[in-house]
Amino acid sequence: QAEVFQNMTGNTPEAWNDRPRGAEIARSQIDRGADVIYHAAGGTGIGVLRAAADAGFRVTVFLMPIVPHLTDSLDVLDDALRRIREAGAHRVIWGALHLRPGVKPWFFAWLEQHHPELLSSYRGLYPGVSVQAPKAYRSWLAKRVRPLLRMHQLDGREEDDLPRRGGSRTSPVFTTTSAAREPERLF
């Protein structure tokens, strides 16, 4: 049986960039016995990662979604991986944007409003009922991410490399939805 601890840093832009508060919350959860911490807190999450690393955990970060043509540049990926490593993480699991049913029409409407120049590209990447970016794009992304992982001395796995079911975990995992610093114009 699992016990769930839930904390919020707030819903203001400042709350998403409060590293000390993120660290404070993580230490509190660790002190209460947490062995998995999930956060989706932007810069605040860097504080979460640092606290977990300082407590002796081998930290894993989910760097997802990597958004084609918006957050897949070398500069953005390099900056994200640098900050992840500086926060004490050892491992990154990364993957391209998934557009699941219900999300795809919303995302395409957002794209049409904010980046109409990318619509045709996205229609090619995610045609019809396709949820994942095509294998060719994911392979291109892997060639971009893997050297950066080595440069930042991070172990890394593409989400496609992970087993789908089963397996056991021998150490706690700390995760984040996305550590990439996304341009202000996103969502």
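Since the model is a prediction, treat every value here as computed from it, not as a measurement. Any value given below was found using the heavy atoms of this structure, including those in side chains, with hydrogens, waters and symmetry copies removed.
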Point-to-point distance, once rounded to the nearest 0.5 Å, from CG of Leu111 to CH2 of Trp106:
10.5 Å
To check you understand the geometry: which heavy-atom pair defines the closest contact between Leu97 and Pro68, and what is its length?
CB-CD, 3.9 Å
Asp31 vs Arg27, test: salt bridge (charged side-chain N to carboxylate O under 4.0 Å, His left out). Steps then yes/no.
CA-CA 6 Å; Asp31 290 346; Arg27 283 191 297 272; over 6 Å; no
Run the side-chain contact (heavy atoms from CB on, under 4.5 Å) check on Leu70 and His115 step by step: do they pass?
CA-CA 10 Å; Leu70 294 174; His115 292 283; 3.8 Å; yes
Has the side chain of Lys104 got a donor or acceptor atom that lies under 3.5 Å from a matching backbone atom of Gly128?
yes
Check step by step if side-chain contact (heavy atoms from CB on, under 4.5 Å) holds for Ile25 and Val48.
CA-CA 7 Å; Ile25 288 171; Val48 172; 5.7 Å; no
Do Met151 and Val61 sit in the same hydrophobic cluster, where Ile, Leu, Val, Met, Phe, Trp and Tyr count as joined when their side-chain heavy atoms come under 4.5 Å apart?
yes
For Asn11, I'd like to know if atom CG has over 12 heavy atoms of other residues, nucleotides or ligands within 6.0 Å.
no
Note: Arg21-Glu24 ion pair, threshold 4.0 Å (strictly below)
yes
Around atom CD of Gln153, are there more than 12 heavy atoms of other residues, nucleotides or ligands at under 6.0 Å?
no
Of all heavy-atom pairs linking Ala23 and Ala51, the shortest is O-CB, 3.7 Å
Can you tell me how far apart CZ (Arg32) and CZ (Phe5) are? Round to the nearest 0.5 Å.
5.0 Å
Dump the intermediate steps for side-chain contact (heavy atoms from CB on, under 4.5 Å) on Leu141 and Trp94, then the final yes or no.
CA-CA 10 Å; Leu141 187 59; Trp94 53 275; 3.8 Å; yes
Please name the pair of heavy atoms, one in His90 and one in Arg85, separated by the smallest distance, quoted to 0.1 Å.
CD2-NH1, 3.8 Å
Ser130 side-chain N/O to Pro127 backbone N/O, donor-acceptor pair under 3.5 Å
yes
Should Glu158 and Arg146 be marked as a salt bridge (charged side-chain N to carboxylate O under 4.0 Å, His left out) after you check the CA-CA gap, both sets of side-chain angles, and the distance that decides it?
CA-CA 9 Å; Glu158 183 177 2; Arg146 287 186 177 128; 3.7 Å; yes
Are Tyr122 and Phe107 near enough that their ring centres are under 6.0 Å apart?
yes
Check whether Tyr38 and Trp16 end up in the same hydrophobic cluster, where Ile, Leu, Val, Met, Phe, Trp and Tyr are linked by side-chain heavy atoms less than 4.5 Å apart.
no
Closest heavy-atom contact between Ala96 and Tyr137?
CB-CE2, 3.7 Å
Is there a donor-acceptor contact under 3.5 Å linking the side chains of Thr44 and His39?
no
Do His98 and Pro65 come close enough that some side-chain heavy atom pair is under 4.5 Å?
no
So that I can tick it off, tell me whether Arg83 and Asp79 are bridged by a salt bridge, with the cut-off set at under 4.0 angstrom between side-chain N and carboxylate O.
yes
Just wondering, more than 12 heavy atoms not from Glu86 lying within 6.0 Å of its CD?
yes
About how many Å separate CG of Leu119 and CD of Glu112, when rounded to the nearest 0.5 Å?
5.5 Å
Measuring from Ile30:CD1 to Ile37:CD1, what's the distance to the nearest 0.5 Å?
4.5 Å
So which atom in Thr71 and which in Val67 form the shortest heavy-atom distance, rounded to 0.1 Å?
OG1-N, 2.7 Å
ILVMFWY network linking Ile84 to Leu74, side-chain heavy atoms under 4.5 angstrom:
yes
Between Phe57 and Ala34, what is the shortest heavy-atom contact and its length?
CZ-O, 4.2 Å
With respect to Val92, which candidate in Leu148, Asp155, Val145, Leu149 satisfies the side-chain contact (heavy atoms from CB on, under 4.5 Å) definition?
Leu149
Within the 4.5 Å heavy-atom criterion, are Arg123 and Phe108 side-chain neighbours or not?
yes
To the nearest 0.5 Å, how far apart are CZ in Arg144 and CD1 in Ile66?
10.5 Å
Could you state the interatomic distance from CZ (Arg91) to CZ (Arg157), rounded to the nearest 0.5 Å?
6.0 Å
Charged N-O contact under 4.0 Å between Asp78 and Arg82:
no
